[in-house]
Protein chains: 2
Amino acid sequence: MSNAYNRPDQLSPELRKRVLDTARRLGYPGPDPVARSLRTRKAGAVGLLLTENLSYAFRDPAAVGFLEGLALACEDAGHGLLLIPANPEHEDVAAVHSAGVDGFVVYSVPDDDPHLAAVMERPVPAVICDQPNLSEVDRVGIDDGAAIKGLARHLIELGHRKIGVICMRLARTRNDGPASSERQVNAHFHVQRARLAALSEAFAEVGVDWEQVPVIERFDHTPESGGSAAAQLMELDPEITAVMCTSDILALGALSEVRRQGRRVPQDLTITGFDGIDDAERVGLTTVRQPVMEKGRAAGRLLLDAGESTGKPREVVLDTQLVPGSTAGAPRSVEERWFGP
Amino acid sequence: MSNAYNRPDQLSPELRKRVLDTARRLGYPGPDPVARSLRTRKAGAVGLLLTENLSYAFRDPAAVGFLEGLALACEDAGHGLLLIPANPEHEDVAAVHSAGVDGFVVYSVPDDDPHLAAVMERPVPAVICDQPNLSEVDRVGIDDGAAIKGLARHLIELGHRKIGVICMRLARTRNDGPASSERQVNAHFHVQRARLAALSEAFAEVGVDWEQVPVIERFDHTPESGGSAAAQLMELDPEITAVMCTSDILALGALSEVRRQGRRVPQDLTITGFDGIDDAERVGLTTVRQPVMEKGRAAGRLLLDAGESTGKPREVVLDTQLVPGSTAGAPRSVEERWFGP
DNA sequence: CTGAAAGCGCTAACAT
DNA sequence: ATGTTAGCGCTTTCAG
């Protein structure tokens, strides 16, 4: 009878039909997928672990793009996509343990995330996206350092030397305010760490002392965070001529706060983002575009690809693109700003 | 040993630790979730069936809002959310059969969808969202008829009598063009059927013969579809003073096409949408807002709620809201349009 | 083509 | 407090 469902070719169509009809009449609901999974050792699904609440993921355009790509790859392979409820506040790892999946995609979690540890203990393959940068696991990402260096050099060419930075959370502990160099270097989010390090390098090349550059951290990744961080930055150091944000969401918030305070962009202040989300392009934000959808797709492909047998972990590094918008321009000196050109 | 993992309270912490340590040292990866599911008869996950390709869902803001709400509800209950790869083009129902879930949420599928039939055969609860309107299943939706009637009366009060309609697909077969009354009445998508029926009623009340109202159908739910449908509508009947669309996505496309042709909105033509997505509010589209996120949340709650035992199906009907924007105004007569006011 | 049986890894009930 | 066992429903293998 198992054959009737699973191997239509092994018996006559007529018999098959008879068996299936009878089964249905007897109220048999079809093979139990869980029992089948146990036996065949495959679940037909990919698990996705995110650092944020599930619902947040749907509010971040970059995350949605990633999901779109990942869903595409899963769909192509006939696999489902299981979103795992991993509340970053809790250390409850049960959801990872009880996910019936053939593998995991881990999207942008801190390197000390207990859920990540739980994933790594499961005897199924995993692909890590963006961060952390574990050497033993397949990985998809971009060259964060090179990408943001391009942006930094763009500003340097325009003449900026006094900048401020707004970044996303650097650790699982909340810190809304200035981030010390130590905190920057020890950041548990590889992406943020790499971007800050690259910025410090790029500006060191033109003689800027990174210790003097204010870096404001925000735990929540929202436009409101970007706005308040921009305000804090301007108050902390009124002489900065540019604000570099490590995401478009933060930059868009900063942009509206700066304008709300009556300062013109880019004449009075330059603002840059990172990601290249639709809204950023719409308002002409100067930023770096990264292929978020492709990232999801690549992660899914890597996980589901048959050629998974090779010993050493594979790595996919996707290209990024500088998007010169209308929010970056040459700085005016302090004198000019107060007394006119 | 099972106890060590599942019932920490049943044995001494010390022993528990010893057992777990030994297990790990022996390379035991923890209890297999699939075997556990088989035994306990629960998967800890909710399946979501969509009418579109998975990846499409992430491009439609209304669907993303729904997902956000559903994910929220699942998260609250500690359940995962499994996105089921149900390609609407294929009749391949295997993905539904092999989904290890405790229940299904079905989002906006046609009433003759084979995947839906497969879901109904599974011996787990289901909640249907928006459509179809099956009497035996729990349901979450809005009063589509009442909602769009409010919009229709708004236009009628403004003086519109000659309108055109752009609607989404009415069946699983592609028909990009006029939809006959018969096709409208027999539509397999309950939501579209209800909205068209309500429009016909509302306009019948002021003496408009629905047979004379052009209804243009589009299979793909994109702004481009809305644009080309608007063009077709204007060519088909240049005298119409208003275009009512059954979604904001279509309306936004129509809006830009109409403007591209040099006609002013609403002076030359009134345009309305449906859903209340962010982009619609941003451009001031006259539309109806429905609480998409709440819809997802309600669907999840209904499915996961313990009080599932009652005999008759439960129904949640959410409120909608007329959003008078700047794309609806009084019509100008044909004479005015050609010879000025 | 059909039937019987082993066993996937777990949990819950029962026995010690 | 710990050890033993039946069986969840399926697929696969082997014998008829």
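Keep in mind it's a predicted model, so treat the numbers as computed, not measured. In what follows, chains carry the letters A, B, and so on, assigned in the order in which the sequence lines appear, proteins first and then strands, with residues in each chain numbered from 1.
Taken from CG in Leu50(B) to CG in Leu67(B), the straight-line distance is 6.5 Å, to the nearest 0.5 Å. With rounding to the nearest 0.5 Å, the separation of CG in Leu49(A) from CG in Leu82(A) is 10.5 Å. Put simply, CD on Gln192(A) and CG on Asp144(A) are 8.5 Å apart, with the number rounded to the nearest 0.5 Å.
Listed by residue number, Leu38(B), Arg39(B) are the residues of residues 32-39 of chain B with a heavy-atom contact under 4.0 Å to DNA chain D.
Atom NZ in Lys42(B) sits about 14 Å away from atom C1' in dA12(C), given to the nearest Å. Separating the CZ atom of Arg41(B) from the C1' atom of dC10(D) is a distance of 10 Å, rounded to the nearest angstrom. Distance, His97(B) NE2 to dT11(D) P: 12 Å, rounded to whole Å.
Checked for salt-bridge contact, Arg297(A) and Glu68(A) miss the test: no charged N lies under 4.0 Å from a carboxylate O.
Between Tyr28(A) and Tyr5(A), the ring center distance clears the sub-6.0 Å criterion.
In terms of phosphate contacts, Tyr28(A) brings a side-chain nitrogen or oxygen within less than 4.0 Å of OP1 or OP2 of dC10(D).
For CG of Asp319(A), the number of neighbouring non-hydrogen atoms (other residues, nucleotides, ligands) closer than 6.0 Å is 12 at most.
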